[in-house]
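Scroll down for the structure; my scribbles are underneath it.
Order of listing sets the numbers, starting from 1, for every ligand and every atom in it.
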Amino acid sequence: MIVMKFGGSSVANREQITKVLGIVRDRLDRRPVVVSSAHKGITDALIDAARTAASGFEPGEAVIERQRTVAGELGCAPELLMPLYSDIRDLLRGIRLVGELSPRSLDHISSFGERMSVRCIADYFTRQGLAAQAFDAWDLGLHTDDNYGRARPVAEYAERMKAAFAEKVPPGVVPIVTGFVGKSARGVITTLGRNGSDLSATLVGAAIGADEVQIWSDTDGVMSADPSIVKAAKSIPTMRFDEAAELAFFGSRVLHPATLLPAIGANISVRVLNTNRPGHPGTVIESAPEPKSSPVTSIAYKEGQTVLVITEPRMFEQVGFLARFFEVLARHQVVVDLVATSEVSVSITTHDREALERSLPDLAPLGRVEVHGGKTILAVVGRHIQHTKGVGAKVLEAMSRADVNIQMHTFGMSSNNISLVIDDDAVGRAVATLHAALFED
Ligand code: ASP
Ligand code: MG
């Protein structure tokens with residue numbers, strides 16, 4: 001069995017869904033399970049409608065109209081989605097009446113995108129002669145905790161899912177399963193977080209013991225840099241799990257950061273492929289790919305980060321300063337990404353500015369605190385960086401050539417990435433120059 005996950009742009013409209021049909025049809029001998037995202041833009045439109053409703057305005061029917069257009073292109077009967085449209089209307093009315101959008105309601109409204117897309121896709125496939133059936137992931141055992149907006153499966157999910165697949169999916173029928181959503185033990189709808197369908201795919205793959213999980217997107221696999229910035233970006237044929245995890249975390253747009261954990265646990269390779277060029281081999285991510293010569297695998301970046309610097313001249317003779325500092329951050333749930341320390345100051349980065357602001361009053365007694373927003377973490381990732389001389393020099397030299405000021409810099413023992421903090425508005429030239437220095441010589 002293989003799991004094939006299609007992202008929003010792969011199922012955006014009839015033209016794309018027809019490509020998906022061809023791709024799935026060509027792989028029927030591998031017994032595919034399809035996991036699908038919502039059609040491109042639908043999740044955003046649902047969230048917008050909910051926010052409009054919560055602020056007391058009438059959200060209108062824009063999102064339903066959008067979904068209706070795709071369903072119409074596919075020739076689905078109008079009744080197919082009627083019950084879901086009416087749930088959406090009810091829910092939006094409720095949100096508007098209470099004038100509030102809780103994380104729980106936000107998950108509920110966001111869940112409709114995938115629930116609608118899988119129904120349309122299964123219906124269309126079946127009418128095109130490929131027997132398919134839509135499933136909401138919770139009906140196949142995807143039970144989660146109740147951390148709305150970032151739910152994770154409960155430990156028993158895999159066993160339940162395996163049993164549910166055996167019991168509910170008829171032989172010879174391709175299941176089309178919702179990405180992104182699950183249900184808590186109390187039966188409340190949850191989501192795994194934005195872009196969570198990738199994670200749904202590896203969770204399904206691990207539970208059913210798939211041979212491979214395929215993530216179908218719109219680039220030729222994982223690229224050496226963001227192709228929208230770097231024209232010369234290349235597809236990377238193989239990567240190790242740890243490199244890919246690092247890249248996903250640092251904002252490479254291809255994979256949701258938590259995607260690889262289930263695949264690592266079950267030792268299932270993940271292949272990233274292009275729906276628009278199905279013949280391209282893409283990128284295989286596995287535990288031990290072929291050795292390769294380049295020390296650097298890829299460049300990734302994450303914008304909109306905040307740096308906090310705490311300076312305390314007496315720090316160098318204090319014991320436990322870092323412990324106290326991190327205790328305050330933990331108490332306010334500040335997620336720390338990078339850390340750099342010197343004798344008298346500590347710098348950290350976080351993506352959660354709100355949590356950071358909450359921690360400031362408690363940090364003040366520890367030293368002088370500065371906060372700088374609008375920063376980007378730029379990460380150069382590759383498992384051979386550690387053992388290769390001169391990569392750091394190339395990176396720093398490229399930054400100087402691009403006239404980019406480096407504000408923080410981290411590289412650790414047994415680390416597979418060099419991370420720099422720069423201004424958001426320097427990202428374009430930093431990535432382009434770096435790519436030229438590391439990949440295009
Ligand atoms: N539809 C969800 C989102 O837009 C999940 C996904 O596409 O993976 O975030
Ligand atoms: Mg995605």
Q: Decide whether the shortest distance between a heavy atom of Gly113 and an atom of ligand 1 is less than 4.0 Å.
A: no
Q.
My understanding is that we take every heavy atom of each candidate and find the minimum distance to atom 1 (N) of ligand 1. Doing that for Lys40, Arg194, Glu114, which one comes out nearest?
A. Glu114
Q) In terms of atom number and element, which parts of ligand 1 are under 4.0 angstrom from non-hydrogen atoms of Asn195? A) 3 (C), 5 (C), 6 (C), 8 (O), 9 (O)
Q: Only counting residues at least two apart or in another chain, list the ones meeting salt bridge (Lys or Arg N to Asp or Glu O under 4.0 Å) with Glu58.
A: Arg96
Q. Is there any salt bridge (charged side-chain N to carboxylate O under 4.0 Å, His left out) pair reaching into residues 41-51, and which pairs are they, with sequence neighbours excluded?
A. Asp44-Arg194
Q) Counting only N and O atoms by type, is there a donor-acceptor contact under 3.5 Å from the side chain of Lys234 to the main-chain atoms of Phe439? A) yes
Q. By number and element, which atoms of ligand 1 are closer than 4.0 Å to a non-hydrogen atom of Ser37?
A. 6 (C), 7 (O), 8 (O)
**Q.** Polar contact flag for Thr43 and ligand 1 (N/O pairs, less than 3.5 Å)
**A.** yes
**Q.** 4.5 Å side-chain heavy-atom contact, Thr178 and Trp138
**A.** no
Q. Between Ser419 and Asn417, does any side-chain donor sit less than 3.5 Å from a side-chain acceptor?
A. yes
